Amino acid sequence: MDTNPQAGAPIWKPTFGEYVLAGSLGLLLVGALFAVVLYLIPSGPLQLEELQPAYQVAPETSFPVNSSRIINWGDQVILVVRTGDQSYSALQGTAPTDGCILSWNETSLRIVSPCTHLVYDLRGNVVRGLSTIPLQRYPVFIRDGIVYVARP
Amino acid sequence: MRTAALTAVLTAVLAAAPAAGGPTSVRPAGRVVETLRARVPGAAADTANGCLACHAAQRRAATEGVHAEHGVTCVSCHGGDPAAVTLPQGHSGHFVGKPDKVATAELCGSCHSDPDKMREYDLPTGQLAQFRSSQHGQLLFGQHNKDVPTCTDCHGTHIIYPPYDARSRVYPTNIPGTCASCHSDPKLMAKYHIRTDQFAQFRNSAHGVALFQDQNFAAPTCVGCHGAHSELPPTVTEIASVCGRCHVLVEQEFAKGPHGAAARAGNLPGCLACHSNHGTERVPADSISATCNRCHSSNSQVHQLAVDIQRRVVQATSDIQSAERAIDQMSAAGERVGYYRFRYKAGLTYFREIAQKQHRLNLDTLDDLARRVRSVSIDLDSRAKATQEGRGEHRLLLLPVWFLSLSAVALALLALRGLRKTSRDSDSSET
Amino acid sequence: MAPRDPKAARQWFARLWADLKASTDASLLVILRFVGLLYGPIDTRLSIGAAFRKALRHRLSPEAGWRQAFGGIAYLLFIILVVTGVLLSFYYRPSAQEAYQSIQHIVSGVSFGWLMRDLHVWAANLVVLVALLHMARVFFGAAYKPPRETNWIVGVLLLFSVFAFGATGYLLPWDQWSYWTVTEGLDILGRTPVVGGGLVRVLRADPIVSGATLSRFFAIHVIVLPWLVLGLLALHFALVRKHGVAPRVRAHQPNGTGVPFFPYHFLRMVVAGTLVVAVALTAALLFPRPVAAPANPAQPPGMLFSTWILADVSRALIYYLGGWGFGAFLLLGAGMVLLPIFDRSPERRLRRRPIVAALGVLFFLTFAAAWGAGRRLRSIPTATSGELTPFQRQPTGATPGAPLPHIAPAQRPAETGSDTTNPGGAP
């Protein structure tokens with residue numbers, strides 16, 4: 001290796017080994033840069049639906065009257081019932097006692113739990129069953145033909 | 001001298017009070033039970049209730065308890081002269097003294113079974129009739145048996161709290177102890193050949209734990225299943241209905257199945273075939289077929305059904321548990337598990353339905369539910385596995401990293417050695 | 001106006017490059033030297049290229065060898081921390097509502113996000129280790145003796161800054177481990193006499209650790225401490241340059257006049273640096289930092305796992321030595337810090353300064369032992385602030401047969417001949 005101290009001349013002439021060394025270091029660096037570049041390219045921003053003010057349920061037209069839908073908003077399960085042309089009810093979708101997902105019974109117009117004997121009405125009040133805890137109610141609004149559930 | 005003065009004061013006060021007295025009712029049996037309604041407005045003061053001059057132990061009853069609040073005083077039940085503070089006069093005037101058990105029941109009933117008297121408080125009036133029909137009542141009224149309780153033994157004699165007051169002996173968490181005060185007494189119960197382990201069993205049961213530890217008053221106490229005043233143990237055909245008052249879905253499924261038919265025919269003690277009456281244990285999933293073998297022989301079709309049911313329930317239990325573990329794994333690896341938790345809740349709903357539907361002893365419904373639970377758990381397990389594998393793949397990076405690093409290090413060390421050699425050579429060549 | 005044929009193009013580019021270099025001042029390289037990335041003095045009279053080459057050819061002291069590697073490794077780890085930290089801050093959201101989910105997103109939703117995060121966590125652990133090793137080398141090599149006292153103090157301040165970095169950064173994931181470890185730490189800090197209460201009030205900004213605390217910790221971690229450490233590092237490097245590398249304890253003949261930075265010391269740096277990066281990457285790949293449950297101020301977790309050295313060390317010290325033992329260890333540490341004030345004799349051999357040597361051995365051994373013990377100790381956090389006593393609910397039916405008050409059959413009064421009985425003692 002030539003350590004010529006002259007100012008203008010190249011400081012050293014690399015041997016084969018040093019080329020390989022530079023190569024491996026270069027590969028490591030390139031790999032790191034590759035990772036960083038891929039990291040920085042955004043794939044889709046983080047949408048936190050639990051922090052949004054409302055949750056989109058369905059278009060009005062695909063929500064028949066006297067039917068219900070279960071939606072999952074963050075960690076809350078909500079049962080949305082369309083009882084009439086313009087009237088909707090959105091209630092907590094899990095029983096407060098055991099967490100079973102509730103369902104809407106069209107004939108009796110009540111919300112029932114399949115796991116225990118619990119019957120609620122459309123206001124969330126307990127009609128039958130060994131519980132005194134009512135269901136949480138959620139406001140529903142319609143915008144541009146789409147049904148939304150808002151924060152209680 | 002003092003008593004004379006006191007008497008004078010009392011007489012003067014009472015002279016100003018409205019006239020005491022009320023109707024005397026005559027019981028059909030010919031006994032005269034007197035109910036004196038001495039309505040003293042507000043809390044009865046000592047000066048208006050001379051009984052307390054001697055019976056000082058009952059002083060608190062004059063002001064505490066629901067009777068005192070509504071103007072029911074000593075004379076209402078015991079008779080006597082409330083104005084007098086000395087003996088001959090005190091016990092004059094329809095004095096009843098200490099009524100015996102039968103007389104007590106009828107004394108209480110003279111007001112509490114009278115709709116006209118109870119209307120203003122909206123209190124029910126059927127207790128005495130119910131009590132007559134109960135085992136306690138039959139023994140008391142039929143045989144004048146003094147071992148059984150009367151009204152005062154459970155509700156208290158002088159200070160009576162309403163059942164919703166935690167000081168009451170018939171407050172839900174106190175009821176088992178009240179019943180146990182006789183029913184856990186071996187000497188007493190031996191006379192009637194009644195067991196004494198009910199309270200101990202109840203305390204350890206799901207109902208007892210819910211009642212005593214969680215203060216969950218949806219759980220039944222003794223009176224919830226046996227009746228408050230009409231207590232009789234349910235008969236064989238009644239058991240399922242009694243349990244079914246709360247466990248509605250279970251009883252509906254039970255009734256649809258073979259055990260339900262057998263219970264209606266009286267061949268099976270309803271729920272007690274598999275669960276005990278006071279311990280109310282859940283049958284663990286892995287001892288279902290052992291429970292069936294208590295009655296059914298082990299080489300029958302029923303045994304095969306039992307084994308099948310057990311297998312499905314055990315499988316569903318382990319499925320739902322592995323689903324929960326899968327979610328924990330994914331969450332620890334940083335996955336956003338909101339949707340998976342929703343799937344898990346759906347699976348848990350199906351799993352809880354199994355607990356009800358299995359009482360129908362029908363393999364098809366059970367299969368259907370178990371299959372749904374399985375699909376949820378397979379879904380979640382495969383997602384967790386995919387996450388783990390993804391993480392595992394990350395370790396493959398170690399290979400190129402170490403290969404390149406070690407070669408770089410080796411080459412650098414070689415170059416260093418070469419440099420030192422050439423510098424030494426050049427130094428030695430210079431010198 | 002680029003010319004057509006390749007030769008002319010190359011000449012055009014070469015001229016452009018030369019012009020650019022001539023229009024740049026070599027004092028640009030002073031910045032690099034300021035942050036310790038260049039060793040030799042910058043001759044600003046030369047062009048930037050020539051000045052760079054001259055600086056590379058600077059001959060280091062013949063005392064400089066592998067012993068001095070720890071400081072540089074610590075610096076390399078710090079650079080890794082800065083780079084990964086900046087990258088993490090591209091996606092991290094420092095609010096109590098979003099912090100946890102943003103970390104989840106980084107770890108599972110962003111390409112190589114897991115790598116950046118785990119590398120950041122492991123580099124943070126390693127930098128504490130390596131800084132302490134560096135401190136041990138300086139301590140036992142008596143490199144804190146005059147004229148290097150100030151540098152020792154600056155170094156110790158750097159150590160404290162590293163501790164502060166770790167402590168503030170620990171809260172940022174906002175999961176149960178972070179939240180409750182920091183709550184415990186602040187509670188312990190608050191019990192320091194005189195200053196504890198005020199300090200914790202300023203740090204915590206709320207009666208409990210909350211979003212306000214998160215904002216503060218984030219600002220300290222990302223703005224205040226980096227500037228502080230930058231300044232301290234620059235001072236540290238300047239002082240090393242001024243006083244030179246401390247000579248070895250055992251007198252020996254230094255070989256020659258020292259070798260130029262490039263290629264000798266550069267190759268040594270390549271060896272050390274590559275190994276360190278590989279070790280950090282390996283740790284990050286093999287032992288990722290899991291994401292615990294999201295922070296719940298109402299419910300401490302059943303077990304606390306800490307992934308930071310100092311948390312382990314302090315927990316073990318408090319557990320095994322109690323509060324007083326922990327205080328004694330802190331005093332020992334303070335003694336180490338103020339060492340140059342006490343130990344001013346020029347004696348550098350370890351054998352001749354037994355007290356100091358014993359102190360040092362005690363400190364470092366205790367640290368190592370406490371770290372090992374702390375890793376095996378799992379702490380169950382107690383609510384040291386009474387308002388947060390968690391409500392323990394017994395699950396229904398989970399513990400059948402739990403002892404309940406015994407209800408004895410009531411005393412039956414003796415038969416007195418009257419018809420009535422009055423069990424239960426109702427008044």
Side-chain angles (χ1 to χ4, degrees), chain A residues 1-53 72-76 95-100 115-116 130-131 133 151, chain C residues 43 45-47 49-59 80 83-84 86-93 95-117 119 259-264 266-267 269-271 273-274 277-278 280-281 284 294 396:
Chain A
M1 172 152 320
D2 183 15
T3 51
N4 189 338
Q6 280 173 18
I11 189 161
W12 57 281
K13 264 208 313 267
T15 62
F16 174 71
E18 279 134 23
Y19 268 122
V20 180
L21 170 63
S24 11
L25 286 179
L27 269 174
L28 280 172
L29 259 158
V30 163
L33 270 169
F34 178 70
V36 169
V37 165
L38 278 183
Y39 175 86
L40 287 173
I41 295 174
S43 58
L46 175 63
Q47 296 279 28
L48 291 175
E49 55 183 23
E50 49 262 42
L51 296 180
Q52 303 297 326
N72 181 32
W73 186 8
D75 57 352
Q76 298 167 66
T97 46
D98 58 0
C100 283
C115 309
T116 59
L130 294 175
S131 172
I133 308 171
R151 305 205 153 274
Chain C
D43 190 351
R45 297 166 303 181
L46 300 173
S47 74
F52 183 65
R53 280 193 293 277
K54 184 164 175 201
L56 283 183
R57 280 198 304 270
H58 169 77
R59 283 179 180 264
I80 293 177
V83 169
T84 50
V86 167
L87 288 171
L88 284 173
S89 71
F90 271 55
Y91 289 101
Y92 176 72
R93 301 195 189 178
S95 88
Q97 284 87 355
E98 295 177 297
Y100 181 78
Q101 286 96 325
S102 68
I103 295 276
Q104 275 183 320
H105 181 59
I106 289 173
V107 170
S108 61
V110 176
S111 327
F112 293 105
W114 51 271
L115 182 63
M116 301 301 163
R117 191 220 181 180
L119 198 53
V259 287
F261 170 73
F262 190 92
Y264 297 89
F266 177 73
L267 284 172
M269 268 177 51
V270 162
V271 169
T274 318
V277 169
L281 266 175
T396 311

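Just so it is clear, the model here is predicted, and its values are computed rather than measured.
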Which region of [X], side chain (C-beta onward) or backbone (N, CA, C, O), has a non-hydrogen atom less than 4.5 Å from a non-hydrogen atom of chain A, or is it both or neither?
| X | value |
| --- | --- |
| C/T274 | side chain |
| C/L267 | side chain |
| C/L119 | neither |

- Would you name the heavy atoms of C/Y91 and A/Y39 that are closest together and state the gap between them?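 Smallest heavy-atom distance, with atoms named: OH-O, 2.7 Å.
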- Query: Looking only at heavy atoms, which two atoms of A/L48 and C/E98 are closest? And how far apart?
  - Reply: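 Heavy-atom minimum between the residues: CD1-CG, 3.5 Å.
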- Message: Could you check whether any side-chain heavy atom of A/L40 comes within less than 4.5 Å of a side-chain heavy atom of C/F90, counting everything from C-beta outward?
- Response: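 The answer is yes, as the side chains (C-beta and beyond) meet within the 4.5 Å cut-off.
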- Message: Within the 4.5 Å heavy-atom criterion, are C/V277 and A/L28 side-chain neighbours or not?
- Response: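 A side-chain contact under 4.5 Å is absent here.
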Please list every donor-acceptor pair under 3.5 Å in which a side-chain atom of residues 105-117 of chain C meets a protein atom from a residue at least two apart or in another chain.
unit_1: C/S108; atom_1: OG; unit_2: B/G334; atom_2: O; d: 3.0
unit_1: C/S108; atom_1: OG; unit_2: C/Q104; atom_2: O; d: 2.8
unit_1: C/W114; atom_1: NE1; unit_2: B/H394; atom_2: NE2; d: 3.2
unit_1: C/R117; atom_1: NH1; unit_2: C/R289; atom_2: O; d: 3.3

- Message: C/D43: which residues meet the salt bridge (Lys or Arg N to Asp or Glu O under 4.0 Å) condition with it, sequence neighbours left out?
- Response: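 For C/D43 the salt bridge (Lys or Arg N to Asp or Glu O under 4.0 Å) partners, ignoring immediate neighbours, are C/R45, C/K54.
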- Task: Against chain C, label A/L38 side chain, backbone, both or neither, depending on which of its atoms sit under 4.5 Å from a heavy atom there.
- Result: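 Backbone plus side chain of A/L38, per the 4.5 Å heavy-atom cut-off to chain C.
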